[in-house]
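Chain A is the first sequence line, chain B the second, and so forth, proteins listed ahead of strands; every chain is numbered from 1.
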There are 2 protein chains.
Amino acid sequence: MRLTEREIVAVLRHHHYKITPQRRAVIQTITAVTSHVTPTAIHERTHREHPNIGLVTIYRTLEILARLKLICELHAGDNCPSYTIGTPEHHHHLICSGCGQVIDFTRHDLTKLERDLSAETGFEIKSHVLDFTGFCGSCQKQKHRTT
Amino acid sequence: MRLTEREIVAVLRHHHYKITPQRRAVIQTITAVTSHVTPTAIHERTHREHPNIGLVTIYRTLEILARLKLICELHAGDNCPSYTIGTPEHHHHLICSGCGQVIDFTRHDLTKLERDLSAETGFEIKSHVLDFTGFCGSCQKQKHRTT
DNA sequence: AAAGTAAATGAAAATACTTTTCATTTGGAT
DNA sequence: ATCCAAATGAAAAGTATTTTCATTTACTTT
Ligand SMILES: [Mn+2]
Ligand SMILES: [Mn+2]
Ligand SMILES: [Zn+2]
Ligand SMILES: [Zn+2]
């Protein structure tokens, strides 16, 4: 269900963005990683293979990918600075406050609520965010330990 | 339905926080304002009456109030830097991308979904965020204007 | 009422994150 | 092969937030 590097590149081409080695490298990093990661983390990973890619390029590339909805931007309560991942289709999140892991889920349809709210308030609703926060199994155990 | 300065002060007392003039001032500002505002905006407003309150104190006070769930922290997509307001009880948001206005609503119960997710993933779910984004009535009109 | 003390404050410095600027390079069209 | 707008990266600038630490103060204990 996740987009491949190929597909992402195709979308960029279609929007007349140039396919540079740097952009390819960022896309590779993102598609390779399964978790939500920060711009800095993406830079570090990409930097390994591509030693002189600048952090600025990471920011610029992420901005494009996010605008085209090719990646998912996450603003989680605590570690807010916008997070991203390689799962583009609409989904919701389950975030562990302990270890930071993020589980995506697609369950739950909010279109009815959306329609009702729209009718009541006159808003034209474009999108929504539904994120749950808590503690994953192993983080719960850790909390109960004395050491 | 919103907490009063009195009530907030009482909760702080109950948690053994000292009631300083600075904290009172911040609480006054927040309870007086009906919209979500940034730490800097809170500082500016509070500063008028209390000319030498430091921005640090605003941050520190907001952190306490948020932890005690006395204010609502908002991380909206675009203007992320954590926003706050004086409506403490659990609610959801309708955010206008045009003018930044935020409407709170309490409708929609997510406890069933929460229970299901918890059972499936083993997560102990503590809270959730449900925010809708779009354009309010007047911002839609503005978009359609030619000037 | 006075004293004592841990908590709170604010100025300044440190840190962190993100955007802007601009000279140089380069992808892809012609 | 040539051309040029788009892209890049180093550096600087702009913001946001946290830490440090000397000083003050709210509140408890006399
Ligand atoms: Mn996601
Ligand atoms: Mn709110
Ligand atoms: Zn965890
Ligand atoms: Zn609006």
Side-chain angles (χ1 to χ4, degrees), chain A residues 5 8-29 36-68 71 73-84 100, chain B residues 5 8-29 36-68 71 73-84 100:
Chain A
E5 186 192 338
I8 293 177
V9 166
V11 176
L12 287 184
R13 268 225 175 78
H14 180 254
H15 286 268
H16 310 299
Y17 288 107
K18 291 183 180 173
I19 308 305
T20 64
Q22 290 90 337
R23 284 180 179 166
R24 270 188 196 285
V26 172
I27 296 166
Q28 265 164 29
T29 300
H36 285 242
V37 277
T38 59
T40 307
I42 293 171
H43 182 231
E44 278 162 9
R45 278 170 171 278
T46 310
H47 202 263
R48 289 178 207 156
E49 310 287 311
H50 210 282
N52 48 348
I53 191 172
L55 180 55
V56 220
T57 299
I58 307 291
Y59 276 105
R60 290 194 275 229
T61 305
L62 290 177
E63 207 223 315
I64 294 168
L65 296 177
R67 201 176 35 227
L68 298 178
I71 55 175
E73 228 181 290
L74 176 62
H75 297 255
D78 258 2
N79 37 13
C80 177
S82 78
Y83 282 15
T84 43
Chain B
E5 185 191 338
I8 293 176
V9 165
V11 176
L12 286 184
R13 269 227 173 75
H14 180 254
H15 286 268
H16 311 298
Y17 287 106
K18 292 184 179 172
I19 307 306
T20 65
Q22 290 91 335
R23 284 180 179 166
R24 269 188 197 285
V26 172
I27 294 166
Q28 265 164 28
T29 300
H36 285 243
V37 278
T38 59
T40 306
I42 293 170
H43 182 231
E44 278 161 10
R45 278 170 171 279
T46 310
H47 202 260
R48 290 178 207 158
E49 311 286 312
H50 209 282
N52 49 349
I53 190 172
L55 180 54
V56 220
T57 300
I58 308 290
Y59 276 105
R60 290 193 275 229
T61 306
L62 291 177
E63 207 222 314
I64 294 169
L65 296 177
R67 200 175 36 228
L68 297 178
I71 55 174
E73 228 181 293
L74 175 62
H75 296 255
D78 257 4
N79 38 13
C80 177
S82 80
Y83 282 13
T84 42

Name the pairs: protein N/O against N/O of nucleotides 11-13 of chain C, kept only if under 3.5 Å.
none

For [X], enumerate each residue passing the salt bridge (Lys or Arg N to Asp or Glu O under 4.0 Å) test, keeping only those at least two apart in sequence or located in another chain.
{"X": "A:E5", "answer": "A:R24"}
{"X": "B:R13", "answer": "none"}
{"X": "B:R60", "answer": "none"}

Once you round it to whole Å, what is the distance between [atom2] of [N] and [atom1] of [X]?
{"X": "A:I58", "N": "C:dT19", "atom1": "CD1", "atom2": "P", "result": "14 Å"}
{"X": "A:R23", "N": "D:dG9", "atom1": "CZ", "atom2": "P", "result": "11 Å"}
{"X": "A:H15", "N": "D:dA6", "atom1": "NE2", "atom2": "P", "result": "16 Å"}
{"X": "A:H16", "N": "C:dA29", "atom1": "NE2", "atom2": "P", "result": "10 Å"}
{"X": "A:L55", "N": "C:dA16", "atom1": "CG", "atom2": "P", "result": "14 Å"}
{"X": "A:L62", "N": "D:dA7", "atom1": "CG", "atom2": "P", "result": "15 Å"}
{"X": "B:E63", "N": "D:dA16", "atom1": "CD", "atom2": "P", "result": "19 Å"}
{"X": "B:I64", "N": "C:dA7", "atom1": "CD1", "atom2": "P", "result": "12 Å"}

With B:T61, which residues qualify under side chain to side chain donor-acceptor pair (under 3.5 Å), at least two apart?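 Partners of B:T61 under the side chain to side chain donor-acceptor pair (under 3.5 Å) test: none.
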How many angstroms lie between CD in A:Q28 and CD1 in A:I42, if you round to the nearest 0.5 Å?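 With rounding to 0.5 Å, CD (A:Q28) is 13.5 Å from CD1 (A:I42).
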Got more than 12 heavy atoms from elsewhere within 6.0 Å of NE2, B:H15?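 Yes, because the 6.0 Å sphere around NE2 of B:H15 holds more than 12 heavy atoms from other groups.
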Output one line per pair: protein atom, nucleotide atom from nucleotides 26-30 of chain D, and distance, for all N/O pairs under 3.5 Å.
from, atom 1, to, atom 2, distance (Å)
D:dA26, N3, B:K18, NZ, 3.3
D:dC27, OP1, B:I19, N, 3.0

Close side-chain approach of B:L65 and B:L12, heavy atoms under 4.5 Å: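 Yes. Closest side-chain heavy atoms under 4.5 Å.
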Compare all side-chain heavy atoms of B:I53 with those of B:V26 and state whether any distance is below 4.5 angstrom.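 Result yes, sub-4.5 Å side-chain heavy-atom pair found.
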Is A:E44 salt-bridged to A:R48, going by a charged N under 4.0 Å from an acidic O?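 No, no charged N to carboxylate O under 4.0 Å.
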